[in-house]
Amino acid sequence: MLEKELLFPKGRIRERVKELGEQIASDYAGKDPLFVGVLNGVVFFFADLMRAISIPVKIDFIRAASYGSRMTSSGEIRISKDVEKPVRGRHIVLVEDIVDTGITIAFILNRMKEKDPASVKVCALMNKVERRQKEVPMDYVGFTIESGFVVGYGLDYNEEYRNLAEIYVLKP
Ligand code: PRP
């Protein structure tokens, strides 16, 4: 195990997720939104966020496979699991644990727009800005971070650390 430093404790995550849920619920009241989680890292945030939203929600998932690990993202990407529910005419909220280079979410956003939804917005627990290559509108952001390799609460390093309840930065 590498050395790590606590970045966002449980209470802070819970509080921010609650705020995001309230904001989304108020923005989407009466719109029957479809929340699409970008697998795999998002599952922990997704489960908490959905329960923080007081209006009815529908859910689906998509998975983008990139070649190479997140630390050395090569930028090549494909959809390895697509959404299963119809998207046309629906209000879609894409949900991510982290947006880093922006390559994954930009690719998924374009794919989603081709399916002719009524609207598409992006919700990410963390917006990591230092390595951004693709500009995407970040509609709902939990935390903005500059740099550092973050793990926990869904985020992995070589598939480890995902089940930690809090978010840490790995020490280089
Ligand atoms: C992570 C994260 C985002 C993406 C962000 O997923 O969940 O989907 O990387 O990076 P980017 O903005 O540079 O594209 P990853 O591909 O590691 O898969 P995982 O969710 O299964 O960990």
Side-chain angles (χ1 to χ4, degrees), residues 1-28 33 35-53 59 61-77 92-112 120-172:
M1 291 281 243
L2 297 167
E3 256 196 276
K4 59 191 191 315
E5 204 169 77
L6 185 61
L7 180 62
F8 299 120
K10 265 183 243 180
R12 182 113 188 263
I13 299 171
R14 200 181 309 124
E15 201 178 287
R16 198 63 196 110
V17 171
K18 183 170 177 276
E19 287 168 357
L20 285 174
E22 286 169 357
Q23 196 190 338
I24 291 170
S26 127
D27 293 353
Y28 284 88
F35 292 85
V36 176
V38 182
L39 295 171
N40 290 335
V42 83
V43 295
F44 300 79
F45 170 51
F46 196 85
D48 287 343
L49 180 68
M50 292 306 104
R51 287 175 291 183
I53 296 173
I59 68 167
F61 294 93
I62 193 166
R63 172 134 173 82
S66 55
Y67 301 93
S69 74
R70 188 153 55 90
M71 255 178 173
T72 56
S73 179
S74 64
E76 285 192 57
I77 200 159
I92 308 295
V93 183
L94 293 175
V95 185
E96 264 286 22
D97 48 357
I98 190 165
V99 173
D100 182 1
T101 64
I103 291 169
T104 307
I105 199 67
F107 184 84
I108 291 175
L109 195 57
N110 283 338
R111 276 288 293 250
M112 223 29 90
V120 199
K121 286 197 174 175
V122 174
C123 172
L125 178 64
M126 281 178 283
N127 184 21
K128 183 175 159 183
V129 294
E130 189 194 42
R131 302 199 309 160
R132 188 63 38 86
Q133 290 179 35
K134 298 268 182 188
E135 283 311 322
V136 273
M138 301 292 294
D139 302 289
Y140 301 98
V141 170
F143 304 107
T144 298
I145 57 175
E146 285 297 322
S147 57
F149 196 88
V150 283
V151 296
Y153 198 62
L155 289 112
D156 74 306
Y157 171 60
N158 286 342
E159 293 301 327
E160 276 187 69
Y161 306 101
R162 286 201 200 271
N163 59 330
L164 299 177
E166 329 211 80
I167 297 171
Y168 298 82
V169 184
L170 284 189
K171 293 216 177 144

Report summary line: For Phe45 and Leu20, the nearest pair of non-hydrogen atoms, with its separation, is CZ-CD1, 4.0 Å
Table please: side-chain donor-acceptor pairs of residues 143-150 below 3.5 Å, with sequence neighbours left out.
none

Report task. Kindly indicate whether the side chain of Pro137, heavy atoms from C-beta on, has any atom under 4.5 Å from the side chain of Leu109. Result -> yes
Side-chain donor/acceptor pairs under 3.5 Å, residues 1-13, sequence neighbours excluded:
none

Report task. Could you tell me whether a side-chain N or O of Arg14 sits under 3.5 Å from a main-chain N or O of Asp48, the two making a donor and an acceptor? Result -> no
Query - Ile53 versus Ala25, closest heavy-atom pair with distance - result: CG2-CB, 4.1 Å
Query - Test ring pair (Phe, Tyr, Trp, His ring centres under 6.0 Å) applied to Phe46 - qualifying residues, sequence neighbours left out - result: Phe61
Requested in this report: Could you tell me whether Arg16 and Glu19 make a salt bridge, using a distance below 4.0 angstrom between a side-chain N and a carboxylate O?
Outcome: yes
Query raised in the report: Where the side chain of Arg63 meets the backbone of Val38, is there a donor-acceptor pair that is under 3.5 Å apart?
Result: no
Requested in this report: Would you confirm whether Asp139, through its side chain, and Cys123, through its main-chain N or O, come within 3.5 Å as a donor-acceptor pair?
Outcome: no
Requested in this report: Any chance you could lay out the side chain to side chain contact (heavy atoms under 4.5 Å, CB included) test for Arg132 and Val99, step after step, and finish with the verdict?
Outcome: CA-CA 8 Å; Arg132 188 63 38 86; Val99 173; 3.5 Å; yes
**Report entry** Test applied, side-chain contact (heavy atoms from CB on, under 4.5 Å); reference residue, Tyr161; option that passes from Leu155, Leu170, Ile167
**Finding:** Leu170
